[in-house]
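Counting convention: from 1, in listed order, for ligands and their atoms alike.
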Amino acid sequence: MRTQAFLCVVLFIGGYIAAPLSEEKDDKIVILLSRHILFNKNYLKYKAKHDIVDIMVPLTALTLESMKDIDFDSKPDMTVFLVEADLKDGKRIDKGLYLYKNGEEKMVLPNGRAAAASFNDEKIVYFGASDGLYVYNVDSKSADKYGNFSDSIIDIATNVDGKHIYILSEDHKLYNVTNEGADKELLQDVEDAQEIVLDYFENIYFYDSNKDVFIKNADGIIKVLGLPKGRKSLKFLGQDFRKVRYVILMTDNVLYVTFANGLAFASPVELSPDAKPTAYGLWSKIVHYYAYNKNLYVKYL
Ligand SMILES: *[C@@H]1O[C@H](CO)[C@@H](O)[C@H](O)[C@H]1NC(C)=O
Ligand SMILES: *[C@@H]1O[C@H](CO)[C@@H](O)[C@H](O)[C@H]1NC(C)=O
């Protein structure tokens, strides 16, 4: 299982490199992804006005529609949601949530901060904003208020069929939205969560301000072991739609495979210090979106 996950990560990110640029480091092989490899002009898709801090590529009918005639030579452009912000001195000034397709952006929610989509063939996409929860209106390409909350939301996640919605509030509390938005239930054992992501089986992965990583499952909370000591930054690579019990976590510059059983392993993939994207969005193993310096890149593997 571990090898398989490693392979996936390597295929998926190592797919950038025809002949892997690898080096030996502390007895292990490291695939170093440099600026030159990642931010190649051939992958540049779009220049935004602000930094792109979140990319959500829904694996829903929204995306599949544009993938009907799957022809990877023509590199189809998919429907993608982008969250933009100005990044200054580690602070983030929100600049809205946009729909991106075919080289064009459309503002969907000026105060939107995060997006999550179901992974089946429904077209359900939710947005978290500074004044509550919204749902994407496919016909008008706009956002409709969902439920009666006015919480300031910093992150959002949903499960396979889009029926369960989890919102992370600005005061770092995690809620389960129930009764179609009428109620919300505080998940009391989740404390100080900074970012959340679900795997296919609805295990909830999060980390706190001490940079400790945890998993909430039906039995309670597990602390993740195996991450490097003294880690300075963490970021989940985004929702993966495959039926796997792990998520990928970027820990400083190394990609860690974090399993639902609470063990994390370093993948052989490392980003060079000047090549850290501001956001990632994955579409299966095939298409990989990422952003750097206000630019959106797309790589077809
Ligand atoms: C969230 O609520 C749904 C019911 O709406 C429930 O099935 C699910 O288990 C809840 N999730 C957690 C983590 O409690
Ligand atoms: C929202 O609040 C209004 C007025 O308080 C109420 O009529 C409505 O049923 C509520 N909607 C939900 C989804 O709770």
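Here the side chain of D208 pairs a donor or acceptor atom with the backbone of N210 at under 3.5 angstrom. Of the possible donor and acceptor atoms, one in the side chain of K106 sits under 3.5 Å from a partner among the backbone N and O of K141.
Interface atoms of ligand 1 facing N176, defined by a heavy-atom separation under 4.0 Å, are 1 (C), 2 (O), 3 (C), 8 (C), 10 (C), 11 (N), 12 (C), 14 (O). Atoms of ligand 1 lying under 4.0 Å from any heavy atom of T178, numbered from 1 in the order shown and given with element: 2 (O), 5 (O).
The ring-ring contact (aromatic ring centres under 6.0 Å, His included) analysis of residues 205-231, with sequence neighbours excluded, yields the pairs F206-F214, Y207-F236.
Contact annotation for atom 11 (N) of ligand 1: protein present (non-hydrogen atoms, distance under 4.0 Å).
Polar contact check, Y166 against ligand 1: a nitrogen or oxygen pair lies under 3.5 Å apart.
Side-chain polar atoms of N293 and N295 form no donor-acceptor pair below 3.5 angstrom.
Regarding atom 4 (C) of ligand 1, its nearest protein heavy-atom neighbour is H164 NE2, 4.1 Å.
Not counting sequence neighbours, the partners of D252 by the side-chain contact (heavy atoms from CB on, under 4.5 Å) test are R231, K232, S233.
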